[in-house]
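Chain A is the first sequence line, chain B the second, and so forth, proteins listed ahead of strands; every chain is numbered from 1.
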Amino acid sequence: SQTIHQWPATLVQPVGSPLSLECTVEGTSNPNLYWYRQAAGRGLQLLFYSVGIGQISSEVPQNLSASRPQDRQFILSSKKLLLSDSGFYLCAWGNLRDHGYTFGSGTRLTVV
Amino acid sequence: DAKTTQPNSMESNEEEPVHLPCNHSTISGTDYIHWYRQLPSQGPEYVIHGLTSNVNNRMASLAIAEDRKSSTLILHRATLRDAAVYYCILRDSGYSTLTFGKGTMLLVSP
């Protein structure tokens with residue numbers, strides 16, 4: 001069965017520090033991968049998606065970047081965090097054979 | 001993606017059926033109707049999806065109007081664990097991304 005792993009679960013980082021969040025998928029190949037963010041009291045915002053290794057599409061210009069170094073690995077990064085980067089970050093995968101997304105358990109990031 | 005309209009919140013009592021409405025008057029012929037739910041402090045969870053015909057699965061039923069301009073997610077017997085934000089989303093194929101709106105917050109009372 002397919003599983004998605006996301007870590008860490010919670011993270012507190014100072015302003016100006018770097019960020020690296022990792023997401024890995026098991027039990028499937030060639031997944032579409034997605035990073036979403038949910039700010040406090042707000043809706044889910046799609047940040048990046050990837051249809052293959054090295055292929056990244058950015059939905060919203062911001063202080064973040066994404067990379068896909070391997071088929072089932074998706075990384076969200078920042079060189080210098082801002083207070084406004086705080087939020088709940090969710091990784092998800094999907095494929096073209098079915099219409100459902102499977103979300104990870106999320107990382108709650110607090111920038112202080 | 002075409003837009004959907006949902007009530008901000010709904011309330012239900014435990015073990016009663018719940019009908020969550022969604023309006024999508026600008027739906028196109030290739031748009032699938034998706035429902036996800038998000039429990040507190042968790043990622044969204046896929047519930048059900050359909051195109052034209054009504055759909056049933058172990059979690060819920062999806063009733064789609066004949067003109068496809070509205071749909072209803074039906075939880076046959078609400079439990080406290082069903083308290084969540086429910087999102088109705090239109091997606092034109094497996095190639096497009098999911099755009100989440102504000103959804104409906106379902107409150108379930110014992």
Non-neighbouring partners of A/S65 that pass side-chain hydrogen bond (donor to acceptor under 3.5 Å, both in side chains), sequence neighbours left out: none
Would one find more than 12 heavy atoms of other residues, nucleotides or ligands at under 6.0 Å from atom CG of B/N8? no
For a quick test of reading the model, state the closest non-hydrogen atom pair linking A/L90 to B/G43 and the distance between them. CD2-CA, 3.5 Å
Quick check for you: to the nearest 0.5 Å, what is the distance between A/F103 atom CZ and B/Q42 atom CD? 12.5 Å
Determine whether A/Y34 and B/T97 make a side-chain contact, defined as any pair of heavy atoms from C-beta on separated by less than 4.5 Å. yes
If you count every heavy atom of other residues, nucleotides or ligands that lies below 6.0 Å from B/M105 atom CE, does the total exceed 12? no
Which atoms of A/R42 come close to chain B, meaning under 4.5 Å heavy atom to heavy atom: side chain ones, backbone ones, both, or neither? neither
To the nearest 0.5 angstrom, please state how far the CD atom of A/Q45 sits from the OG1 atom of B/T99. 10.5 Å
Any side-chain heavy atom of B/E45 sitting closer than 4.5 Å to one from A/T102? no
Sub-3.5 Å donor-acceptor pair from the side chain of B/Y36 to the main-chain atoms of A/Y101, do we have one? yes
If you group Ile, Leu, Val, Met, Phe, Trp and Tyr by side-chain heavy-atom gaps below 4.5 Å, do B/Y46 and B/I74 land in one group? no
Hydrophobic cluster identity match, A/L11 and A/L83, side-chain contacts under 4.5 Å: yes
Do the non-hydrogen side-chain atoms of A/L46 and B/F100 ever get within less than 4.5 Å of each other? no
In the single-linkage hydrophobic clustering (I, L, V, M, F, W, Y; side-chain heavy atoms under 4.5 Å), do B/L80 and B/L20 co-cluster? yes
Interatomic distance, A/Q38 atom CD to B/Q38 atom CD [nearest 0.5 angstrom]: 4.0 Å
Residues forming a side-chain hydrogen bond (donor to acceptor under 3.5 Å, both in side chains) with B/E11, sequence neighbours excluded: none
